[in-house]
Amino acid sequence: MNSKRFHLFAFITIVVVGLALRTINLQDTFFFGHDQARDLHEIYNIVYKHDIKIVGAGTDIPGLFGGPLYYYLLLIPYAISHFNPNSVAILLIFINLTGIPLLWYFGKRLEGVTTGSIAALLWAISFEQANFSRFISNPSFLSIAALVYFLGLYEWCIRKKWWGLPLSVFGYGLGTQLDFYLVYLGIFYPVYFFIYTPPFTKKSVFTAALAGFMLFASFVVAEIHFSFLGIKSFLRYLSEQKEAGNLLGHVSLFSTSLAKSTRNALFALPGLYPLIPFSAILVIFFALCKKYKERLFLLIWLGSTAPLFIFRTNVIGGNFIHSTIHAAIILIVALAITYVLKT
């Protein structure tokens, strides 16, 4: 078997394993609670009462809402299946499985097909992703949207590909539509730009602006329609924050949350113990990775959730807070394994 056929066979095997882990005992065994019933009711009103939505579900900040895309995306399987939630779970599973080819490609761009294969496999067997994939809620999309966003930034900033900018804007807008919490990722555009000074072209700017307009237009319409309620609510929320100076508290909360995420992703250990093997992997990654631009890019991505811990919302204590960096964790682990195999 030549190398191309072997890699194709390995890729298909990884996809099959990922699909099997996500669909085992699927029928009627996933969580369906208040939020899921609320969203189903809203989608039912869209279909049968023609109640067109310009905002999505509410956030942890009163008066601030996500985009309506989540409703319209779930409308398709709900309408086809006569509102059977199993169909929505299946759709979410296939969306989550796109992480396998995305990480295969990303890892291959970073260090070759071995890294891509390892990253894809880790995503396929991840306990965290296998569970999030069948969770009928807008946070289920966070990992994929963030992966597209950072892949676009990588292609634009390091590979200097014009299409990387619109791809990142697509991931950013898609993620913000599906879960408004991802709006924070916008702060990393200037960070990466000033570090890597990627080029702008007419094609990249126009395509990125078009993608941004299509995905953020609903927020503008909603703000105008509701007399800028979202902006006012967000500014009020910022003014009420009292713990911005508690640095040790933020670090402790961030570490505890990161340990929980690495445990669910890769290391089945209690408490803060998952940080021990992950720290060892980081040491290997630092010592053996000679591609300094790529190393810095991944480390910024890994720490990208830290600013969120300055604030206090229910998101901070939830299981989804580090969903946006799960792919970064996997890529760093995959690279460390690759470097060890090469030594």
Counting only heavy atoms not in [X] (residues, nucleotides, ligands), do more than 12 fall under 6.0 Å from its [atom1]?
X      : atom1 : result
Tyr44  : OH    : no
Ile187 : CD1   : yes
Phe170 : CZ    : no

Using distance alone, with no hydrogens and no angle criterion, decide if [X] and [Y] have a side-chain donor and acceptor under 3.5 Å apart.
X      : Y      : result
Glu155 : Tyr105 : yes
Thr115 : Thr338 : yes
Arg134 : Thr29  : yes
Tyr184 : Thr324 : yes

Requested in this report: Give the minimum heavy-atom separation between Ala124 and Arg22, together with the two atoms involved.
Outcome: O-NH1, 2.8 Å
Query raised in the report: If you take all heavy atoms of Ile14 and Ser117, which pair is closest and at what distance?
Result: CD1-O, 3.7 Å
Requested in this report: Examine Phe135 together with Phe32 and report whether their ring centres are nearer than 6.0 Å.
Outcome: no
Query raised in the report: Between Phe150 and Phe106, is the gap from one ring center to the other below 6.0 Å?
Result: no
Could you tell me the separation between the [atom1] atom of [X] and the [atom2] atom of [Y], rounded to the nearest 0.5 Å?
X      : Y      : atom1 : atom2 : result
Phe180 : Phe65  : CZ    : CZ    : 12.0 Å
Leu215 : Thr176 : CG    : OG1   : 8.5 Å
Ile300 : Ile325 : CD1   : CD1   : 13.5 Å
Ile93  : Leu97  : CD1   : CG    : 7.5 Å
Ser323 : Phe132 : OG    : CZ    : 4.5 Å

Do [X] and [Y] belong to the same hydrophobic cluster, where Ile, Leu, Val, Met, Phe, Trp and Tyr are linked whenever their side-chain heavy atoms lie under 4.5 Å apart, directly or via other members?
X      : Y      : value
Leu19  : Ile125 : yes
Leu40  : Tyr48  : yes
Leu331 : Leu121 : yes
Leu69  : Met214 : no
Ile76  : Ile144 : no

Report summary line: Hits for ring-ring contact (aromatic ring centres under 6.0 Å, His included) against Phe200, two or more places apart or cross-chain, chain-then-number order -> Trp156, Phe193
Query - Lys/Arg-Asp/Glu bridge criterion (N-O < 4.0 Å) met for Glu294, Arg109 - result: no
[Y] and [X] aromatic ring geometry - parallel, tilted or perpendicular at 30°/60° bounds:
X      : Y      : value
Tyr189 : Tyr149 : perpendicular
Tyr196 : Tyr192 : parallel
Tyr78  : Phe83  : parallel

**Report entry** Any pair counted as side chain to side chain donor-acceptor pair (under 3.5 Å), so long as it reaches residues 203-225, sequence neighbours left out
**Finding:** Gln177-Ser218, Thr201-Ser204
Query - From CA spacing to verdict: side chain to side chain donor-acceptor pair (under 3.5 Å), Gln36, Ser137 - result: CA-CA 7 Å; Gln36 290 70 31; Ser137 183; 4.5 Å; no
